[in-house]
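In what follows, a single structure is set out as structure tokens and then discussed.
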Amino acid sequence: MSGLTSALGLLTRLPLPAHAWEPAKAARWLPAASIVLAAPVAAAAWGLGEAVPPGAAAAVTVAAWAAATGALHLDGLADCADAAFVPASRERRSEILRDVHHGTFAVAAVGLVLLVKFGCLASMAPGTAAGAAAAAIVASRGALPA
């Protein structure tokens, strides 16, 4: 497997071989893979922004963003929110992090993040929304090796 394929296996839901994730090969390719991931999301923001009302374009862009990544970032946020905000002991918080089910704090955190993404994208011109979505994807995932 190439390093780029391995990095894409981590960052996306592309149909890649199950053995595609090789951390040693992937690390230096994460910035390039983040650009590959950002391109279709930015294209959706720009293209839809020219064709449909801003709210519809923003909603589809946020959905494309989540779909392209398999919502892995949202799942991580949900797990962290459940563990961080529950009034429980350290041991119980560790148990919550291992639990596959999501609670109220998880749902609230994911909902708020999606609303903020939607609101920001809907308030921008199509080209600006495309650039902002791409920049967020590239900056957050491309910086992983650092």
Side-chain angles (χ1 to χ4, degrees), residues 1-86 93-146:
M1 275 306 117
S2 77
L4 180 59
T5 304
S6 187
L8 287 169
L10 171 68
L11 297 180
T12 72
R13 300 302 347 138
L14 293 174
L16 299 169
H19 60 279
W21 173 234
E22 298 177 50
K25 289 183 178 181
R28 69 178 154 197
W29 285 94
L30 287 170
S34 70
I35 294 169
V36 172
L37 174 62
V41 177
W46 196 324
L48 288 168
E50 297 291 341
V52 299
V60 173
T61 300
V62 171
W65 192 338
T69 63
L72 294 175
H73 58 295
L74 294 173
D75 184 54
L77 169 67
D79 290 340
C80 289
D82 268 345
F85 297 116
V86 68
R93 289 175 196 253
S94 293
E95 290 173 22
I96 290 168
L97 282 172
R98 290 187 297 273
D99 189 351
V100 298
H101 300 95
H102 295 308
T104 304
F105 294 118
V107 173
V110 169
L112 290 171
V113 164
L114 293 175
L115 280 171
V116 168
K117 285 182 179 183
F118 168 82
C120 289
L121 293 173
S123 69
M124 297 175 184
T128 305
I137 292 168
V138 171
S140 63
R141 288 152 179 91
L144 286 173

Side-chain donor-acceptor pairs of residues 129-142 under 3.5 Å, sequence neighbours excluded:
{"from": "Ser140", "atom 1": "OG", "to": "Ala136", "atom 2": "O", "distance (Å)": "2.8"}
{"from": "Ser140", "atom 1": "OG", "to": "Ile137", "atom 2": "O", "distance (Å)": "3.3"}
{"from": "Arg141", "atom 1": "NH2", "to": "His73", "atom 2": "ND1", "distance (Å)": "3.4"}

Let me check something: any side-chain donor-acceptor pairs from residues 49-57 under 3.5 Å, sequence neighbours excluded? List them with distances.
none

Anything under 3.5 Å between a donor and an acceptor, one on a side chain of residues 26-44, the other on a protein residue two or more places apart or in another chain? List them.
{"from": "Ser34", "atom 1": "OG", "to": "Pro31", "atom 2": "O", "distance (Å)": "2.6"}

Next item on the list: Step by step, work out the side-chain contact (heavy atoms from CB on, under 4.5 Å) result for Leu114 and Leu74.
Entry: CA-CA 9 Å; Leu114 293 175; Leu74 294 173; 3.9 Å; yes
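A donor-acceptor pair under 3.5 Å is formed between the side chain of Thr69 and the backbone N or O of Ala66.
Contact annotation: the side chain of Lys117 never approaches that of Thr61 to less than 4.5 Å [non-hydrogen atoms, C-beta and beyond]. With contacts defined as side-chain heavy-atom distances shorter than 4.5 Å, the pair Arg93/Asp82 does not qualify.
Rounded to the nearest 0.5 Å, atoms CG (Leu11) and OG (Ser6) are 9.5 Å apart.
Within a 6.0 Å radius of CZ in Phe85, no more than 12 heavy atoms belonging to other residues, nucleotides or ligands are found.
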